[in-house]
Amino acid sequence: MVWDTIGTVTTAAAPPAPRLTVDRLAHWATTTPDAEAMTYLDRSWTWAQWHDRVVRAAAALRDLGVGRGDVVAFLDKNHPACVEISFAAGMLGAANAIINWRSSADEVEYAVGDSGAKVLFVGSELLPAVEAVRERLTGVQRVVEVTPDGADGCGYEAFLAGAAPYDDEPAADPDDPCLVMYSSGTTGRPKGIMLTHRNMISHTTNAHDGWEFEPGDKSMVSMPLFHVGGSSYVLFGIHDGIPSVMTREADGAALAGAILAGANRTFLVPAVLAVVLQSGPDAVKLFGALKTYTYGAAPMPPPLLRAAMEAWPDTDFLQVYGLTEVAGVATHLLPEDHRAAVAGDHPERMLSAGIPIPGVEVRVVDAATLSDLPAGEPGEIWLRTPQLMKGYLGKPEATAEAITEDGWFRTGDIGHVDEDGYVYVSDRLKDMIITGGENVYSPEVERVLAEHPAVAEVAVIGVPDDRWGESVKAVVSLAPDGEADGAALIAWCRDQLAHFKCPRSVDIVEALPRNPTGKILKRDLRQPYWDAAQRQV
């Protein structure tokens, strides 16, 4: 059985359908040139000013020899320059590989090298990590420093100022990759997910279903741009011609500042809700100004959701489920479903991921037989959509394993679809841990822990966390003469991995449970922690 949702919205006054991601920015630069487009820290740009920065960046990249099929990379906290480089590279038929700024120097080296980036843009705070590995970044021809405030001496501002606006026709095709987003893979090393202009535009159009911007709205862009929830969401305001307020990070002060600046629609991870609700009545009142709070990328504990809906009765809550490989959102639980569930009408839907967005088909498949399963039967969730990635960069075998010949993407998530088409995600085939919206692939952490001299074997799992949805836990057995405690093993990881990937807790056991073939039974390790939870991921 295949579930989908069919729906289109047409408006007589709507702008032309975009071919490339930059097209809507160019449209508003022509039709509303002096209207506010983007605010960041103490700076603001109109549509015409922002577009001018993008076409100058495109010309500067072209002058450095960047062309169709090439990749550039961006490493910084949230900054409009990242969006500018994505648009500019996209105009040339190139892609922007956005690197997780929380990465260690070794992880930066891997991602930049794997992407094949010719130019690397780096935030000032992160230059030391790049300088530590610069000699090994042999493919990078130029490093450009990006300062948060763009003050005198900023390498990026000089990069723009030194170029005349790009005035040629864009050299790109809609099926050219424009973004490379890094997500953990089966080898324990991240894989570069190639997303095309067509993928991103399809997502922007399809995921808009169920809510629209209105005149006077402002979009708050606070999810990290290295995450698909940031780089996909930022396109929403641009698509509709609505101004955006971008925060450098998703901390309380920055979010409050954005709301005070008029931002009233946003997408954030559930952990932010927990922080706000614990921050006192002034913070709760301020966040009540949000018209829409879209959440996803991590599990939402039901008590937290109920508390948030009680605190902000006039806010529309919208849950989304998706993956980087489909440019973001695949299903959504709409505001009316939230309110109905709280009122007692289908309360079980509070635990669902909603229904497929337009343009997305869903199948539930028996992982062993690959046969479709009926409503209510759990199996692997498969998706088919124009949003589906072009593939994994430089990894054709992994791409072939993930995408069937007829275009279905094997998500690795276990779930079911009920008789009414609501999708429930209950477990994962892949050993992915989602903590605070960040993906952590357990083999990557296991690889580091296994190198500790005191460790005999290790399994890394996700366990429930009221704030982060899940947290990383390591279960370790020590070598016969090995001596180490949890604190030492966590410190070992922190020397080699981004901190969000490191275990928050460590259990030391005599031996790990295994099946008759010797495979570690991670399900058995997870079970005691998840038995009391209302959902499994």
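For this chain, numbers begin at 1 and follow the sequence in order.
The cationic group of Arg189 lies under 6.0 Å from the six-membered ring centre of Tyr110 and within 45° of the ring axis, placing it in a cation-pi geometry. Judged by the 6.0 Å and 45° rule, Arg363 forms a cation-pi pair with Trp408.
Under the 3.5 Å distance criterion, with hydrogens and angles disregarded, no donor-acceptor pair is assigned to the side chains of Asn78 and Tyr40. Using modelled atom types, one finds no donor on one side chain facing an acceptor on the other under 3.5 Å when comparing Arg504 with Ser471. Using a 3.5 Å distance cut-off with no hydrogens or angles, the side chains of Asp106 and Ser104 do not pair a donor with an acceptor. A donor and an acceptor atom, one from each side chain of Asn206 and Gln387, are located under 3.5 Å apart. Counted by atom type alone, Ser219 and Tyr233 present one or more donor-acceptor pairs between their side chains at under 3.5 Å. With hydrogens and angles left out, the side-chain atoms of Asn199 and Thr196 include a donor and acceptor closer than 3.5 Å. Between Thr435 and Glu438, the side chains place no donor N or O within less than 3.5 Å of an acceptor N or O (distance only, hydrogens not considered). In the model, Glu397 has no side-chain atom that pairs as donor or acceptor with a side-chain atom of Tyr392 under 3.5 Å.
In this structure, Trp28 and Trp47 have tilted ring planes: the angle between them lies in the 30° to 60° band. In this structure, His208 and His239 have perpendicular ring planes: the angle between them is above 60°, well past the 30° mark.
Shown here are the side chain to side chain contact (heavy atoms under 4.5 Å, CB included) partners of Thr46, two or more places apart in sequence or in another chain: Ala48, Gln49. Ser222 is linked by a side-chain hydrogen bond (donor to acceptor under 3.5 Å, both in side chains) to Thr247, counting only residues two or more places apart in sequence or in another chain.
Not less than 6.0 angstrom separates the ring centroid of Tyr293 from the ring centroid of Phe267.
Lys291 places no side-chain N or O within 3.5 Å of a backbone atom of Asp316 that could act as its donor or acceptor partner.
Residues Ala330 and Leu383 share a closest heavy-atom pair of CB-CD1, 3.8 Å. Here the shortest heavy-atom pairing between Val472 and Phe500 reads CG2-O, 4.2 Å.
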